[in-house]
Amino acid sequence: MPPVDAALGLPAEDAAFVPNRAVIDPAAITHNTAQVRSLLSPHTALMAVVKADGYGHGMLEAARAALAGGATWLGAAHPASGLALARAGLDVPILTWLYEPETGSGILPHLVSAEVDVAVSSLAQLALVESAAREVGRLARIHVKLDTGMGRGGVLEADVARLGAGARASAHVRLVGAMSHFHSADALGSPTIDAQAERFAHMSALLESEAGPVPIKHLANSAATLTRPEFHFDLVRPGIALYGHAPVPTSLDLRPAMTLTSRLALVKEVGAGQVVGYGATHTCEEPTTLGLVPLGYADGLHRAASNRGHVLVTTAAGALRAPQVGTISMDQIVVDLGPGSAARPGDEVVIFGDPATRPGAPRAEEWAEAAGMITYEVLTSINARVRREVAQGPTQGDDPGVLGAASGQAAAGGPDTAEAPAGLSLSIPTDGPEATRRVARVLAHHARAGDLLVLDGPLGAGKTTFTQGFASALDVGGRVASPTFVIARVHPALGDGPDLVHVDAYRLDEDWEVEDLDLDSDLDSSITLVEWGRDRVEHLSDSYTLVELWRDGAAAAPGTIELDATDTDPDNTDEPRRLTLTFVGPRYGEASVREVADALRGDGFAVSDATKEHA
Ligand code: ADP
Ligand code: MG
């Protein structure tokens, strides 16, 4: 059970005990990105638009998957999203474009520091970005947004010259881009598309005549990217297509990346005349079987779709498409399973997904149509009450998303001396010993008796520091110090939790036995941390966590350090270090690793998939 405490920011409920899932297939996003990429000339870059939490798919997962498919830029409406992307260590140009002075003045300095690009639509916005740049003493990279006819963001033609002159005159900004947005790119053949493109050329020229050459021009959203190659220019900004939904007919193979699932809570036989739901909008004409699904408009399934959508129910007798009947409630819907149905409570219900991988599954488009909405709304409406989960199985392909299976590859930095074990890997930067201790405390909160942690890294990497942090989160006695001359020390539990066993395996030879440690505690009832334990103690348990600590800048990887280095540099007490956590064995399912990753993020750490960074 996850720890429960009274800290602010706890979600209202633990999604583990709610059956609703938005299952995200990062491989589909990677595939779709590569599909879109195949339409582009080598001179055109692809910005994956990951606004609105990656169109509801989870921003970081979506961003990583798109980068794996050939995106080289990321875009998000909110500066706060841009900052989160930058802090997650996604090392590509990032653009954001929607802010106002009150919150903007708070976040723009961070954005400029993180070298995230900002769109500017007015002299007032220019002044805001300039003052942020001045504050942090760095040049802000800006894209001037041109209003070519959408009447939303962007500078009007009459004001372009003044904004260009302002950008030129500023010592604090660098103009890197000019951009605009189509209002009807999905209305194929609409004369407005060409009219906006013409105006974009004209306004860009005006801007350049004041401000000098603008290196990156970009205009195309998904629809224009798919249909108007002449408007690709330097960069395209697809969004919806990357998630597997084409806004226009296309020959590309686009695969929906989100599957929304639930489970039947109740199944009952009813007679003819049975009324269903608020307002009695449905009456069963024949005897039938009704299924109750615990997902409703408070999860993002719009009420306007009532009595129009379908779901796919997988029963013991096969899968069936069942109509949704009655008014959609806040927490639940009812589906008509037909007379004599084999459906049982607990059966899986797919509300929408990819019919290519789940034959019969409704597409998100069908729910959009049923509700009189667009697919974008269906995807982004599925809210935080529905847990996101990364898809398992063959469609996952070689891109496992945020939690990478580290099989075969070095988990981080590719130490040549040791092959990385297969497992789920997280990578976390720390900026000093206290941060390393905090990471350890989070792990300690998720540890239990019998757990084994193998600490690897050169002398002075922080193995003992990590152990100190770990111990401080447990109720155990004794001061944790470097155990170098004692090999092992037991820190006895003070309450009814497990003991902590701290081992330095450096002096253990090849064929030692656990008994040689002569412990007063057995490993099954303790949590055991072993410094220098790599390739020595893994066999003690069927599952273990490998904690690798890296001193950034040190050329050596764990295992390759010169062991006669006597001590750490005493002047360097606060150094950035990278921690890689690899969870190996049946003890660690994807959900439990995700829980640790979420807790670390909740504690302010940037957590990324270690397999991605050094692959
Ligand atoms: P090890 O046990 O791996 O030999 P120690 O934990 O004994 O290493 O020593 C690590 C040293 O590095 C400590 O002095 C600690 O304060 C310092 N240090 C500086 N930055 C960090 C960091 N980010 N994480 C851990 N330790 C750090
Ligand atoms: Mg040590």
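Counting convention: from 1, in listed order, for ligands and their atoms alike.
Within the 4.0 Å heavy-atom shell around ligand 1 one finds Gly432. Within the 4.0 Å heavy-atom cutoff, Gly460 counts among the residues contacting ligand 1.
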- [ ] Please test Asp451 against Arg587 for salt bridge (Lys or Arg N to Asp or Glu O under 4.0 Å), starting from the C-alpha separation and ending with a verdict.
- [x] CA-CA 9 Å; Asp451 280 359; Arg587 152 86 171 84; 2.8 Å; yes

Open item on the list: Could you go through Arg594 and Glu61, starting from their C-alpha distance and side-chain angles, then the distance that decides it, and tell me whether this counts as salt bridge (Lys or Arg N to Asp or Glu O under 4.0 Å)?
Closed with: CA-CA 12 Å; Arg594 178 168 294 277; Glu61 286 83 349; 3.6 Å; yes

- [ ] Determine, step by step, whether Val503 and Glu531 satisfy the side chain to side chain contact (heavy atoms under 4.5 Å, CB included) criterion, reporting the C-alpha distance in whole Å, the side-chain angles of both residues, the deciding distance to 0.1 Å, and the verdict.
- [x] CA-CA 6 Å; Val503 181; Glu531 296 192 39; over 6 Å; no

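Per residue Glu531, closest N, O or S atom to the Mg ion (ligand 2): atom name OE1.
Contact check on Glu434 versus Arg441 returns a salt bridge, with a Lys/Arg side-chain nitrogen under 4.0 Å from an Asp/Glu carboxylate oxygen.
Taking every heavy atom of Pro458 and a limit of under 4.0 angstrom, the matching atoms of ligand 1 come to 3 (O). Ligand 1 places these atoms under 4.0 Å from at least one heavy atom of Glu575: 19 (C), 20 (N), 21 (C), 22 (C), 23 (N). Residue contact check: Thr464 has heavy atoms under 4.0 Å from atoms 1 (P), 2 (O), 6 (O), 7 (O) of ligand 1. Annotation for ligand 1: atoms under 4.0 Å from non-hydrogen atoms of Thr430 are 23 (N).
Residues Asp25 and Thr259 are not in side-chain contact: their nearest non-hydrogen atoms beyond the backbone lie 4.5 Å or more apart.
Annotation: side chain to side chain donor-acceptor pair (under 3.5 Å) contacts of Arg385 (sequence neighbours excluded): Asp299, Asp331.
With a 4.0 Å heavy-atom cut-off, ligand 1 is reached by the backbone of Thr465 and by its side chain too. If you look at Ala435 next to ligand 1, there are no close heavy atoms at all, none under 4.0 Å.
Leu600 contributes atom CG, which lies 11.5 Å from atom CD of Glu595 (distance to the nearest 0.5 angstrom).
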Side-chain donor-acceptor distances from residues 100-116 under 3.5 Å, at least two apart:
residue, atom, partner, partner atom, Å
Glu100, OE1, Glu102, N, 2.8
Glu100, OE2, Glu102, N, 3.4
Glu100, OE2, Thr103, N, 2.6
Glu100, OE2, Thr103, OG1, 2.4
Ser105, OG, Pro101, O, 2.9
Ser105, OG, Glu102, O, 3.3
Ser113, OG, Pro109, O, 3.2

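Among the atoms of Thr464, an N, O or S atom is found under 2.8 Å from the Mg ion (ligand 2).
Backbone and side-chain nitrogen or oxygen atoms of Ala461 are examined, and one is located within less than 3.5 angstrom of a nitrogen or oxygen of ligand 1.
The heavy atom nearest to atom 27 (C) of ligand 1, out of those in Gln468, Lys463, Arg577, Arg578, is found in Arg577.
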